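Single-structure report; data block below.
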Amino acid sequence: MVGQRPVGLALYDALTVLQHRGQDAAGIATDDDGQIHERKRNGLVRDVFQHHHMLKLTGNMGIGHVRYPTAGCASASEAQPFYVNSPFGICLSHNGNLTNADELAQLLIEDDRRHLNTRSDSEILLNVFAHELQRAASARLTPADIFAAIEAVHRRCRGGYAVVAMIIGHGVVAFRDPHGIRPVVIGRRQTSRGVEHMVASESVAVDMLDFELLRDIGAGEAVFIDRDGRLHTAQCAENVRHTPCIFEYVYFARPDSIIDNISVYKARLRMGERLVQKILRERPDHDIDVVIPIPDTSRTSAVQVAHHLGVKYREGFIKNRYIGRTFIMPGQELRKKSVRSKLNAIDLEFRGKNVLLVDDSIVRGTTSRQIIDIAREAGARKVYFASAAPPVRYPNVYGIDMPAASELVANGRTEQEVCRLIGADWLVYQDLDDLVRAVRHDNADIEEFDTSVFSGHYVTGDVTQPYLDELERARSDAAKADRARQDQGLARIVGL
């Protein structure tokens with residue numbers, strides 16, 4: 001964000017409405033006439049930033065980030081933004097995942113002579129950008145220099161990435177990978193002091209701060225907001241092919257966001273409409289008494305399912321809002337313990353009824369199995385289960401943490417086998433073609449989405465089986481547990 005007044009509180013407010021995108025760590029960095037102020041730690045936004053921290057985050061320019069670990073680990077050292085002091089001083093935050101991170105790390109160390117302090121691919125991306133900016137910069141840094149550096153970044157980096165970087169004393173730059181996999185938007189606000197601009201992962205942050213949503217940053221596009229608030233844009237990638245991540249619409253994004261000119265809320269309504277058509281095809285003489293959503297992201301689809309089935313819609317689960325999203329919790333045991341403390345059933349809505357539970361998706365199956373058990377304990381006669389998304393059979397490699405194929409309940413299994421494993425009386429999945437139609441409805445300019453978690457087709461074209469095998473080893477729950485123990489041991493040593 002580049003404003004005409006201090007931006008620290010605005011960045012804090014924006015991060016609170018983006019908290020759903022990461023609960024592991026949060027950070028803010030501001031530039032006050034060349035002086036960097038920073039606060040970042042593990043934890044939720046409200047816990048990381050106290051009043052006395054905010055008083056120190058002065059300056060009219062800054063960036064912020066909320067994180068959950070995909071690449072790397074959950075160590076406090078990997079909280080963002082990252083910083084390098086040359087050239088100029090750069091702070092950078094990143095949403096996504098580089099698929100050639102290991103290759104880049106080796107080249108950075110051996111050829112570019114740069115030091116890497118963490119396992120985070122965000123630090124790798126920062127150093128690639130810093131190296132290319134050093135090479136491109138003229139005596140007086142210009143937008144053209146910055147865009148030339150980003151062109152070089154696109155040539156070197158592969159994968160999904162949406163990036164925001166603050167160049168100390170100059171401005172804020174944001175750019176998106178050539179496939180536009182991860183989302184990023186830009187907003188504008190006219191004040192009595194002048195024009196202010198901001199970029200964010202989702203439009204809800206722009207709305208909350210009373211900025212006007214200008215548009216999405218295009219695939220391969222970069223925008224630079226100079227310290228005086230002027231906006232500069234350029235297309236910085238060749239062979240652009242816009243294929244945004246469809247899982248943003250299924251689960252990850254807030255329903256009140258608009259991504260690539262598509263309303264997430266409307267997309268989920270249409271998912272429900274498509275899903276109920278399949279239910280009626282497969283069970284025209286169904287005996288469903290009530291439709292109950294699994295809060296929160298499935299509510300929108302479930303309302304449509306109930307309406308078109310002609311049965312009651314009821315809120316059968318009460319959610320403890322102080323428990324994090326179990327899908328992005330780092331360990332299987334933690335997820336198992338969390339579901340019971342996260343959801344409680346209203347017995348009257350289940351007792352003696354044939355219940356259709358609707359969820360946005362089924363990933364590991366652990367949560368679904370426990371929720372079905374809770375429904376039966378509450379007295380349900382039969383428990384049917386509907387997923388607004390197709391079976392998740394393949395790992396995500398572009399920045400959503402579902403990397404280990406062996407941990408996906410649908411990987412290598414039929415729908416009937418998944419049904420038995422989660423303990424449902426009947427299971428129905430959305431068809432992939434229907435999901436794509438439901439999401440694409442409002443924007444004919446998008447011909448294709450990244451559907452890799454459902455189809456196994458990776459749009460960047462560089463994901464090989466050896467790469468997936470390495471992900472399986474590196475990002476399984478067991479591997480994460482080992483890294484967590486190492487980090488805890490290091491923390492104890494440092495504490496001594």
Side-chain angles (χ1 to χ4, degrees), residues 95-99 150-151 154-155 157-163 174-186 201-203 213-223 233-253 255 257-275 277-278 300-301 360-361 387-400 402 429-463:
N95 171 29
N97 184 58
L98 300 181
T99 54
I150 294 170
E151 289 176 10
H154 288 318
R155 288 194 293 269
C157 296
R158 297 194 299 270
Y161 49 92
V163 177
F175 55 95
R176 196 176 183 188
D177 72 80
H179 289 83
I181 297 172
R182 300 261 63 86
V184 58
V185 300
I186 183 165
S201 291
E202 295 184 34
S203 65
L213 176 63
L214 292 181
R215 59 182 177 82
D216 299 87
I217 295 176
E221 185 185 16
V223 301
T233 67
Q235 176 54 251
C236 294
E238 299 176 353
N239 303 317
V240 171
R241 178 181 164 210
H242 195 186
T243 54
C245 175
I246 205 165
F247 209 72
E248 289 280 351
Y249 302 93
V250 171
Y251 171 82
F252 219 70
S257 285
I258 297 174
I259 298 176
D260 288 313
N261 203 32
I262 298 173
S263 163
V264 175
Y265 175 76
K266 292 287 189 179
R268 290 176 184 169
L269 283 176
R270 293 190 295 270
M271 288 177 207
E273 293 168 0
R274 296 277 180 177
L275 179 61
Q277 291 172 17
K278 184 173 182 181
T300 311
S301 296
D360 52 75
S361 58
S387 168
V392 177
R393 302 189 188 279
Y394 305 95
N396 184 287
V397 301
Y398 300 128
I400 294 179
M402 50 172 75
Y429 280 104
Q430 183 88 268
D431 290 334
L432 180 56
D433 287 345
D434 283 340
L435 175 63
V436 171
R437 290 189 189 100
V439 177
R440 189 169 54 192
H441 180 80
D442 284 343
N443 191 344
D445 291 338
I446 298 176
E447 298 296 331
E448 183 182 0
F449 293 89
D450 169 53
T451 62
S452 54
V453 298
F454 309 121
S455 64
H457 171 64
Y458 295 96
V459 294
T460 54
D462 63 330
V463 178

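Note that this is a predicted model, so its numbers are computed, not measured.
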Within this structure, what is the [atom1]-[atom2] distance for the pair [X] and [Y], rounded to the nearest 0.5 Å?
X: Met271; Y: Asp360; atom1: CE; atom2: CG; answer: 9.0 Å
X: Phe449; Y: His242; atom1: CZ; atom2: NE2; answer: 8.5 Å
X: His179; Y: Glu448; atom1: NE2; atom2: CD; answer: 8.0 Å

Given side chains that start at C-beta, do those of [X] and [Y] come closer than 4.5 Å, heavy atoms only?
X: Asn95; Y: Pro183; answer: yes
X: Tyr458; Y: Ser452; answer: yes
X: Asp260; Y: Tyr249; answer: yes
X: Leu275; Y: Ser301; answer: no
X: Ile217; Y: Phe175; answer: no
X: Ile446; Y: Ile262; answer: yes
X: Leu435; Y: Pro390; answer: yes
X: Arg176; Y: Ile181; answer: no

Closest non-hydrogen atom pair, [X] against [Y]:
X: Gly160; Y: Asp177; answer: CA-OD2, 3.5 Å
X: Glu202; Y: Ala253; answer: OE2-CA, 3.4 Å
X: His154; Y: Tyr161; answer: ND1-OH, 2.8 Å
X: Gly218; Y: Glu221; answer: N-OE1, 2.7 Å
X: Arg182; Y: Gly96; answer: CD-CA, 3.6 Å
X: Val397; Y: Asn97; answer: O-ND2, 2.8 Å

Report the C-alpha distance between Lys266 and Thr300 in whole Å, list the side-chain angles of each, state the deciding distance to 0.1 Å, and finish with yes or no for side chain to side chain contact (heavy atoms under 4.5 Å, CB included).
CA-CA 9 Å; Lys266 292 287 189 179; Thr300 311; over 6 Å; no
Using modelled atom types only, decide if a donor and an acceptor are shared between the side chain of [X] and the backbone of [Y] within a distance under 3.5 Å.
X: Arg241; Y: Val459; value: yes
X: Asp433; Y: Val436; value: no
X: Ser361; Y: Ala389; value: no

Which residues pass the side chain to side chain contact (heavy atoms under 4.5 Å, CB included) test with Asp434, sequence neighbours left out?
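Only Arg274, Arg281, Gln430, Asp431, Arg437 meet the side chain to side chain contact (heavy atoms under 4.5 Å, CB included) criterion with Asp434.
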Does Arg393 have any side chain to side chain contact (heavy atoms under 4.5 Å, CB included) partners at least two apart in sequence or in another chain, and if so, which?
Pro391, Ala410, Glu415
Considering only NZ, NE, NH1 and NH2 on the basic side and carboxylate oxygens on the acidic side, decide whether Asp445 and Arg215 come within less than 4.0 Å.
no
Would you check if there is a donor-acceptor pair between the side chains of Tyr398 and Thr460 at a distance under 3.5 Å?
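The criterion, which ignores hydrogens and geometry beyond distance, is satisfied for Tyr398 and Thr460.
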Steps toward side chain to side chain contact (heavy atoms under 4.5 Å, CB included) verdict (Gln235, Val240)
CA-CA 9 Å; Gln235 176 54 251; Val240 171; 3.6 Å; yes
Would you call the rings of Phe247 and Phe454 parallel, tilted or perpendicular, where under 30° means parallel and over 60° means perpendicular?
tilted
